[in-house]
4 protein chains.
Amino acid sequence: MRSDRREQLVVAAYRRVAEAGFEGLRLRQVAEDVGIDHSTLHHHFATKQDLVDAVAEYTTRQFWTTAPQGPDPAVALREHLQALCRLIEDRPDLFAVTVELDLRARRDPAVAAAMARHEAGWREVLTTVLAEGVAHGSWSVPVDAAAGAELVIAAVKGARLVPEVAGQVFGQLEALLIDGAQDHAKGERP
Amino acid sequence: MRSDRREQLVVAAYRRVAEAGFEGLRLRQVAEDVGIDHSTLHHHFATKQDLVDAVAEYTTRQFWTTAPQGPDPAVALREHLQALCRLIEDRPDLFAVTVELDLRARRDPAVAAAMARHEAGWREVLTTVLAEGVAHGSWSVPVDAAAGAELVIAAVKGARLVPEVAGQVFGQLEALLIDGAQDHAKGERP
Amino acid sequence: MRSDRREQLVVAAYRRVAEAGFEGLRLRQVAEDVGIDHSTLHHHFATKQDLVDAVAEYTTRQFWTTAPQGPDPAVALREHLQALCRLIEDRPDLFAVTVELDLRARRDPAVAAAMARHEAGWREVLTTVLAEGVAHGSWSVPVDAAAGAELVIAAVKGARLVPEVAGQVFGQLEALLIDGAQDHAKGERP
Amino acid sequence: MRSDRREQLVVAAYRRVAEAGFEGLRLRQVAEDVGIDHSTLHHHFATKQDLVDAVAEYTTRQFWTTAPQGPDPAVALREHLQALCRLIEDRPDLFAVTVELDLRARRDPAVAAAMARHEAGWREVLTTVLAEGVAHGSWSVPVDAAAGAELVIAAVKGARLVPEVAGQVFGQLEALLIDGAQDHAKGERP
DNA sequence: CATGAATGAGGGTTCATTCAT
DNA sequence: GATGAATGAACCCTCATTCAT
């Protein structure tokens, strides 16, 4: 399986990025992690950029499971947010690499494209759910589907930098969007 | 003006980081931007780390103007968010560097300390305003001061990655937190 | 011959040390002497220290031929001293490098270990021969085997600094140790 | 006293050489040790070489106390050797620097001249004493004044590399030269 | 005398990449 | 496909020295 080696290399690179960032990504180490000579790596990935692109693709592919679904928009959104929150807490590496990818995307068109593709799907899903909620009157406050989607995306991107506060962030977001009307008394005393 | 050169170097480094990130920060270029030999740079900053630290300090210092104030928490928060939004749109470089600093902070204790110091002040201000709003019943929905502060911080950190959507993100955030009760029809603030 | 390059590099480094000392050892020059790029040198020796260690090993290895032997301790010692004397005169480079190594050993544990290993063998051989001579009554004067070995070692280390006087030094040493009884008139061995 | 500063600088440099060798001699550190700016050092010593020369001169000057004297050559030589031995043990720094100077003298004509001057005086004194001993029949074994002087010098130069064995070396040297005839039974059993 | 800014040559080391085997 | 030798550009940093103040 020659494509097996490629996969191994991508995973090894992914792990190195999770630990040391793209700034700390060294082809020699990746090759060593897999157990091959660093020259051999170039048989699978002609250039470092190719490997980075593969890492971007590999990373975004792992998010294809968290699409919100279900008849009730409020429930669907809540479950989506909670799934994201769990993912942030369970797989910090995944979000660590995503942060790195977002940063690299600024100067790397190929990565930018991969991230844009990934984000477009997510954005569409979010917009749809929010729009459905607007139609059903599911939200406790005025919501613009597009702006709401951007807010959720921004909150996720910000929260992943500090996984420890992800729970608070998502909890507050849910409270604002969904729980607002039903339960406005829960506000704490500082 | 003996510390003039230091300042020049910090600003030059700041600009390079804004353009190419810390990964692309080259002392030779910084020195050249200022018009001195690259070895002279070491006369002002013994090590690259020292320059990076100075950039972190210089960058965070520029935020010391956006503290929300005023008797009405809702007004104060709104103005704070709008000021941030304007800052993101007017000075994308500032937030570009902040993103880089947040990333670098992961492996650079000195930068981490500088960012933590900076963020602690901001978090405290936000928490105070939100708590006052809770006490005055300013918010249209249930708000936990601490969690709300984290949400705002996360949203800002996410929004700064894509300055173009900052308006939407902040508009929706305001709508959720402040305008909710008064105006449940259309909550977008362009 | 894959280790051929390593050997070439060590020899080139050895020559540079003989000429300019470790203080004047430049990796770029060594690489150039061999005809390769200076970065290629790091393919064979990861660090300068590794090359220096190899030089120490290479240098001390060249002494493995001068062990005194023979049934008569006096003859054996005389031949050993004369062999050393010839070596000093014929191969001043070898002793020049040894001087450098002794100096470097003061602050370089790896070189210190290599030199200690080398010297231990030499010291043992000398002590043995001198002790045998004591047992056989070969010496014309009172000799302590251990102290005598140290004296010979010290004299060699001192003489190698000025190869021109090595003949005088070794001649006088032989005269004192061996010829004393037989010939008390004129003890010079040119 | 402006020549006071010069002296301070020379002493500081001497100490640095004793610790780190000429290879580790840094003008900045020397200046810092004295408490002046490193640029100011150049007002006292135009170039590093000038400072090195001064260190050579300062170092050799400290040996002007150990000239052997007295009517009896055997006593005079013994006292001279014992004084040297004590000096090696009491002031290892002095001999550490001398080793460095001898090494540097190989490529530094100025230092070479200073050392030659110093050594010439010492050699003359030794030769005289040994020649007197020959005339008086003081030595237990055949001695050539010139060669004997070279042997003593070589032994001292070798012994100073390892101050711990200086006692053994000088003891054996005395035994060979002076005590030989009187006491040949003292030979130990190994 | 003293300082600080500036210089420039050079130091060892890193790393993605290429090529012959 | 795999290897090891080789490359070259670039990196941060050091240090003696000079010069204006």
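Naming convention: chains lettered A, B, ... in sequence-line order (proteins, then strands); numbering from 1 in each chain.
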request  = Quickly work out the A:H44 NE2 to F:dT3 C1' distance and round it to whole Å.
outcome  = 12 Å
inquiry  = Any residue in residues 35-42 of chain A with a heavy atom nearer than 4.0 angstrom to DNA chain F? Just list them by number, or reply none.
reply    = A:I36, A:D37, A:S39, A:T40
task = Check for a donor-acceptor pair, side chain of D:Y14 on one end and backbone N or O of D:L94 on the other, with a separation under 3.5 Å.
result = yes
key: Residue-level proximity of residues 45-55 of chain C to DNA chain E when a heavy atom falls under 4.0 Å   = C:T47, C:K48
key: C:T59 (side chain) donor-acceptor with C:V55 (main chain) under 3.5 angstrom   = yes
query = Parallel, tilted or perpendicular: which fits the ring planes of B:H118 and B:F63, with parallel below 30° and perpendicular above 60°?
reply = tilted
message = Without decimals, in angstroms, what is the distance between B:F22 CZ and F:dC11 P?
response = 17 Å
query = With distance as the sole test, does D:T60 use its side chain to make a donor-acceptor pair with the main-chain N or O of D:A56 at under 3.5 Å?
reply = yes
request  = Could you check if a side-chain atom of A:D93 sits within less than 4.5 angstrom of a side-chain atom of A:V17, using non-hydrogen atoms only?
outcome  = no
ask   = Reckon B:H43 has a side-chain N or O less than 4.0 Å from the OP1 or OP2 of E:dA6?
value = no
All stems with DNA chain F, defined as three or more consecutive Watson-Crick or G-U pairs under 3.5 Å = E:2-21 with F:2-21
ask   = Under 3.5 Å, is there a donor-acceptor pair linking the side chains of D:Q49 and D:D108?
value = yes
message = Should the side chain of A:R28 and the base of E:dA16 be counted as holding a donor-acceptor pair, with the cut-off at 3.5 Å?
response = yes
note = Rounded to the nearest 0.5 Å, the CD atom of C:E23 sits from the CD atom of D:E23 at a distance of 5.0 Å
query = In Å, rounded to the nearest 0.5 Å, how long is the span from CZ of C:F95 to CG of C:D102?
reply = 11.5 Å
query = Quick one: is D:R26 getting a side-chain N or O under 4.0 Å of the F:dT14 phosphate, OP1 or OP2?
reply = no
request  = Answer yes or no: is there an ion pair linking B:R61 with B:E57, defined by an N-O contact shorter than 4.0 Å?
outcome  = yes
key: Rounded distance in Å - CD (C:Q29) to C1' (E:dA9)   = 13 Å
note = Rounded to whole Å, CG of C:L27 lies from C1' of E:dG12 at a distance of 6 Å
ask   = How long is the line joining CZ of D:R16 and P of F:dA16, in whole Å?
value = 12 Å
query = Side-chain N or O of A:R5 less than 4.0 angstrom from OP1 or OP2 on F:dA2?
reply = yes
request  = Look only at the side chain of B:R16 and the backbone of B:R26, and say whether a donor-acceptor pair between them is shorter than 3.5 Å.
outcome  = no
query = Are the side chain of B:K157 and the backbone of A:R160 linked by a donor-acceptor contact shorter than 3.5 Å?
reply = no
message = Rounded to whole Å, how long is the line connecting atom CG of C:D4 with atom P of F:dA6?
response = 10 Å
